**Student:** 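What follows is a structure written as structure tokens; I'll ask about it next.
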Amino acid sequence: QVQLVESGGGSVQAGGSLRLSCVASGFSYSLVWMAWFRQPPGKEREGVAAMYSSDGDTYYSDSVKGRFTISQDNAKITMYLQMNNLKPEDTAMYYCAARFANRYAIAGALRVRDYNYWGQGTQVTVSS
């Protein structure tokens, strides 16, 4: 059974940093895309960062490029999202997600409907 469990959210002032973690279990790590999504209050869920687990290729939304970094540990059990220079508009519930697809499925890397497995979310609040 696939399980994704996020942690690391919290409250921080603008310009600060947080690191989110996602512990994954219950599946093989071949052909796996892992990603972070977020859903601001009253808005739709959006893709933030994605990684093809097998080779570490990463993809980012324009809104976080240069500030956020997605990574995984060597055992590929835990995925991270390092968030630097946080802004109030980064305030959202952050979700870890996974899908099974080959490395060429780049078009769906940050697309909500392409992901099958989701964590429960962790709240990030950035104050000005």
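Since the model is a prediction, treat every value here as computed from it, not as a measurement. Below, all heavy atoms of this structure are taken into account, side chains as well, without hydrogens, waters or symmetry copies.
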**Student:** Scan for salt bridge (charged side-chain N to carboxylate O under 4.0 Å, His left out) pairs involving residues 43-52, sequence neighbours excluded, and state none if there are none.
**Tutor:**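 Every salt bridge (charged side-chain N to carboxylate O under 4.0 Å, His left out) pair that includes a residue of residues 43-52, provided the two are not neighbours, is Arg38-Glu46.
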
**Student:** Indicate, with yes or no, if Tyr117 and Met51 share a hydrophobic cluster defined by side-chain heavy-atom contacts under 4.5 Å among Ile, Leu, Val, Met, Phe, Trp and Tyr.
**Tutor:**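 Yes, same cluster.
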
**Student:** Transitively linked via ILVMFWY side-chain contacts under 4.5 Å: Val32 with Val48?
**Tutor:**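 Yes, same cluster.
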
**Student:** Can you hop from Trp36 to Tyr80 via hydrophobic side chains spaced under 4.5 Å?
**Tutor:**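 Cluster IDs for Trp36 and Tyr80 differ.
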
**Student:** Strictly by disulfide (SG to SG under 2.5 Å), give each pair with a member in residues 92-128 just once, sequence neighbours left out.
**Tutor:**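 For residues 92-128, and leaving out neighbouring residues, the disulfide (SG to SG under 2.5 Å) pairs sorted by first residue read Cys22-Cys96.
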
**Student:** Can you name the salt bridge (Lys or Arg N to Asp or Glu O under 4.0 Å) partners of Lys87, sequence neighbours left out?
**Tutor:**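 Partners of Lys87 under the salt bridge (Lys or Arg N to Asp or Glu O under 4.0 Å) test: none.
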
**Student:** Between Thr91 (side chain) and Thr125 (backbone), is there a donor-acceptor pair under 3.5 Å?
**Tutor:**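 Looks like no, no N/O pair under 3.5 Å.
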
**Student:** Using the salt bridge (Lys or Arg N to Asp or Glu O under 4.0 Å) criterion, which residues pair with Glu89? Sequence neighbours excluded.
**Tutor:**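 Glu89 satisfies salt bridge (Lys or Arg N to Asp or Glu O under 4.0 Å) with no residue once adjacent residues are dropped.
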
**Student:** Under a 3.5 Å threshold, yes or no: a donor from one side chain and an acceptor from the other, between Ser53 and Gln72?
**Tutor:**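 Distance-only check passes for Ser53 and Gln72.
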
**Student:** Considering non-hydrogen atoms only, spot the tightest contact between Tyr115 and Ala50 and give its length.
**Tutor:**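 Taking Tyr115 first and Ala50 second, the nearest heavy atoms are OH-CB, 3.9 Å.
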
**Student:** Under a 3.5 Å distance rule, please check whether Tyr95 uses its side chain to pair with a backbone N or O of Ala35 as donor and acceptor.
**Tutor:**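 No, the answer is negative, given that no donor and acceptor are paired below the 3.5 Å cut-off.
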
**Student:** Would you check, one step at a time, whether the test ring-ring contact (aromatic ring centres under 6.0 Å, His included) holds for Tyr59 with Tyr52?
**Tutor:** CA-CA 9 Å; Tyr59 302 87; Tyr52 185 63; 9.1 Å; no

**Student:** Measuring from Gln82:CD to Ile70:CD1, what's the distance to the nearest 0.5 Å?
**Tutor:**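 Atom-to-atom, Gln82:CD and Ile70:CD1 are 12.5 Å apart.
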
**Student:** Check residues 10-17 and write down every donor-acceptor pair under 3.5 Å in which the side-chain atom is one partner and the other belongs to a residue at least two apart or another chain.
**Tutor:**
residue, atom, partner, partner atom, Å
Ser17, OG, Asn84, OD1, 3.0

**Student:** Just grab all the disulfide (SG to SG under 2.5 Å) pairs involving residues 97-128, residues at least two apart or on different chains.
**Tutor:**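 Sorted result for residues 97-128: empty, none.
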
**Student:** Quick check for you: to the nearest 0.5 Å, what is the distance between Arg103 atom CZ and Asp57 atom CG?
**Tutor:**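 Going from CZ on Arg103 over to CG on Asp57, the span is 7.0 Å.
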
**Student:** Could you name each residue pair satisfying disulfide (SG to SG under 2.5 Å) that touches residues 45-82, not counting sequence neighbours?
**Tutor:**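 Those involving residues 45-82 do not exist here.
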
**Student:** Quick one: closest heavy-atom pair of Glu6 and Thr122, and the distance?
**Tutor:**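 That would be CB-CG2, 4.0 Å.
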
**Student:** With salt bridge (charged side-chain N to carboxylate O under 4.0 Å, His left out) as the rule and sequence neighbours excluded, what pairs involving residues 105-116 come up?
**Tutor:**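 Listed by first then second residue: Arg99-Asp114, Arg111-Asp114.
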
**Student:** Phe68: which residues meet the ring pair (Phe, Tyr, Trp, His ring centres under 6.0 Å) condition with it, sequence neighbours left out?
**Tutor:**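 For Phe68, no residue satisfies ring pair (Phe, Tyr, Trp, His ring centres under 6.0 Å) once neighbours in sequence are set aside.
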
**Student:** Between OG of Ser21 and CD1 of Ile77, what distance do you get to the nearest 0.5 Å?
**Tutor:**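 The distance works out to 13.0 Å.
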
**Student:** Check for me whether the distance between the ring centres of Trp33 and Phe100 falls short of 6.0 Å.
**Tutor:**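 No: the rings miss the under 6.0 Å criterion.
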
**Student:** Membership question, hydrophobic clusters at under 4.5 Å side-chain separation (ILVMFWY): are Val2 and Val5 in the same one?
**Tutor:**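 Result: no, two separate clusters.
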
**Student:** Can you confirm whether Val126 sits close enough to Leu18 that some side-chain heavy atom of one is under 4.5 Å from a side-chain heavy atom of the other?
**Tutor:**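 The answer is no; the side chains never approach within 4.5 Å.
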
**Student:** For a side chain to side chain contact (heavy atoms under 4.5 Å, CB included) check, start with the C-alpha distance between Val23 and Gln3, then their side-chain angles and the critical distance, and finish with the verdict.
**Tutor:** CA-CA 8 Å; Val23 178; Gln3 273 197 315; over 6 Å; no

**Student:** Evaluate the side-chain proximity of Val112 to Phe37: yes if any heavy-atom separation is below 4.5 Å, no if none is.
**Tutor:**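 Side-chain contact under 4.5 Å: yes.
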
**Student:** Using a 4.5 Å cut-off on heavy atoms from C-beta on, say whether the side chain of Met83 contacts that of Tyr94.
**Tutor:**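 Counting from C-beta outward, Tyr94 and Met83 do come under 4.5 Å.
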
**Student:** Which pairs, with at least one residue in residues 58-90 and sequence neighbours excluded, count as a disulfide (SG to SG under 2.5 Å)?
**Tutor:**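 For residues 58-90: none.
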
**Student:** Where is the tightest heavy-atom contact between Pro88 and Ser127, given as atom of each residue plus distance?
**Tutor:**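 In this case the closest contact between Pro88 and Ser127 is CG-C, 4.5 Å.
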
**Student:** Identify, with sequence neighbours excluded, every residue that meets salt bridge (Lys or Arg N to Asp or Glu O under 4.0 Å) alongside Arg19.
**Tutor:**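 With sequence neighbours excluded, Arg19 shows a salt bridge (Lys or Arg N to Asp or Glu O under 4.0 Å) to no residue whatsoever.
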
**Student:** If you look at every heavy atom in Ala92 and Gln123, which pair is closest and at what distance?
**Tutor:**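 Result for this residue pair: O-NE2, 3.4 Å.
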
**Student:** Does any pair with a residue in residues 119-128 pass salt bridge (charged side-chain N to carboxylate O under 4.0 Å, His left out), and if so which ones, sequence neighbours excluded?
**Tutor:**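 Listed once each, the pairs would be none.
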
